[in-house]
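Both counts, for ligands and for their atoms, begin at 1 and track the order of listing. Note that the numbering runs from 1 along the sequence shown for the chain.
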Amino acid sequence: MISINTKTIEWNDIENCIEMVDQTKIPLKLEKKSCKTIDSLIDAIKSLKIRGAPALGAAGGLSIALSAFQYGGEDREEMIRTLISDAKRIKNVRPTAVNLSWGVNRVLDKVLKNRRFDCKCSICKLENQRFSNATTLSEESIEDIRRFALEEAKRICEEDVRINKTIGENGAKLLNDGDTILTHCNAGRLACVDWGTALGVVRSAVEMGKDIKVFACETRPLNQGGRITTWELMEDGIDVTLIADSSSGIVMRNKMVDKVIVGADRIVKDGVFNKIGTYTHSVLAKENKIPFYVVAPYSTFDLERTGRDIIIEERGADELRKFGESYIAPKNVKVFNPAFDFTPIENITSIITEKGILDPKIRDLRTI
Ligand code: MRU
């Protein structure tokens with residue numbers, strides 16, 4: 001029997017595999033899924049069994065450990081080539097949320113540090129360029145490589161919880177007793193290893209004794225708000241009301257909302273990528289003079305890039321044409337289904353991080 005306090009994603013030391021809460025089953029069931037192969041992990045990421053930027057960061061890190069434990073041969077260089085090619089496959093599954101590649105790269109870098117390969121294939125050549133100062137092949141055994149990868153991946157998971165609690169404490173200071181918050185998608189404990197980012201701020205404020213109410217936008221088409229945010233807040237006894245995405249205008253105009261708080265999938269120089277619909281809420285918040293806060297750890301920052309550089313993931317047409325097994329639109333209607341949108345800096349009041357609260361309009365994000 002698993003409970004709400006179960007970590008969203010973690011390593012199973014007995015079976016040497018990844019375990020995650022299957023988020024597609026919530027709110028009907030709280031069920032765990034094990035991923036014993038890279039293919040099953042790719043499927044879990046693609047189908048959003050594991051989702052949310054920080055949870056994807058942990059999945060990315062753990063994927064390299066999984067690849068290392070899955071390698072059945074005895075040739076170190078062949079093993080490294082396998083890790084690199086699995087890393088590439090994992091990073092390509094969801095291109096918008098930067099945490100996935102961040103987690104993969106962090107663990108891969110740990111394993112590859114000071115290592116140059118003899119292999120001249122295009123993938124290894126690229127990695128050799130990243131480590132151009134390394135001149136010798138290091139002597140670690142296959143077991144050492146597994147241990148390095150797993151230690152670093154577990155560090156990502158532990159840090160995630162600590163960082164989210166610090167973010168929560170920083171953000172909770174901005175919330176007043178009696179505030180009503182509007183949030184979009186799910187930036188809660190299920191989007192992270194635990195605690196949450198946007199919902200972590202709400203949790204920390206409630207823990208401080210503040211009375212906070214939440215409007216959760218349902219977040220069409222996959223309903224992360226309706227299914228997951230409402231469920232996890234209700235489990236914690238936090239007052240939550242579900243609204244259709246299109247109701248955010250009426251609640252903001254009628255002064256039923258004090259602050260909008262959302263998570264982020266990638267923060268670039270000039271704005272923030274988050275779940276489709278976030279931009280719409282930001283425009284409505286600006287129009288109605290309601291503060292609009294983005295909450296994210298530093299692992300979500302990608303300040304070398306601008307909004308134009310980022311690929312927005314487009315998802316399958318049936319996510320819009322169907323509801324469960326039934327068609328709710330003509331079977332062959334054309335569909336445009338972007339998973340994320342871009343909110344420009346001008347619409348954001350502050351970004352709440354583990355290092356403090358940033359005003360993106362005053363402080364050039366490139367200098368942090
Ligand atoms: O497609 P999803 O469900 O992975 O999208 C998730 C979001 O957009 C979240 O708001 C974001 O990852 C922040 S989670 C702390």
(Q) Is it the case that atom NZ in Lys154 sees more than 12 heavy atoms from other parts of the structure closer than 6.0 Å? (A) yes
(Q) Would you call the rings of His281 and His184 parallel, tilted or perpendicular, taking 30° and 60° as the class edges? (A) perpendicular
Q. Applying a heavy-atom distance cut-off of 4.0 Å, which protein residues contact ligand 1?
A. Leu48, Arg51, Gly52, Ala53, Pro54, Arg94, Cys185, Asn186, Ala187, Ala191, Thr197, Gln224, Gly263, Ala264, Asp265, Asn274, Lys275, Phe340
Q: For residues Ile345 and Lys269, report the shortest heavy-atom separation together with the two atoms involved.
A: CD1-O, 3.1 Å
Q: Would you verify whether the NZ or CZ of Lys110 falls within 45 degrees of the ring axis of Phe148 while also being under 6.0 Å from that six-membered ring's centre?
A: no
Q. Is it true that atom CE of Met234 has more than 12 heavy atoms of other residues, nucleotides or ligands lying nearer than 6.0 Å?
A. no
Q. With the threshold set at 4.0 Å, does a side-chain nitrogen-carboxylate oxygen contact exist between Asp318 and Arg321?
A. yes
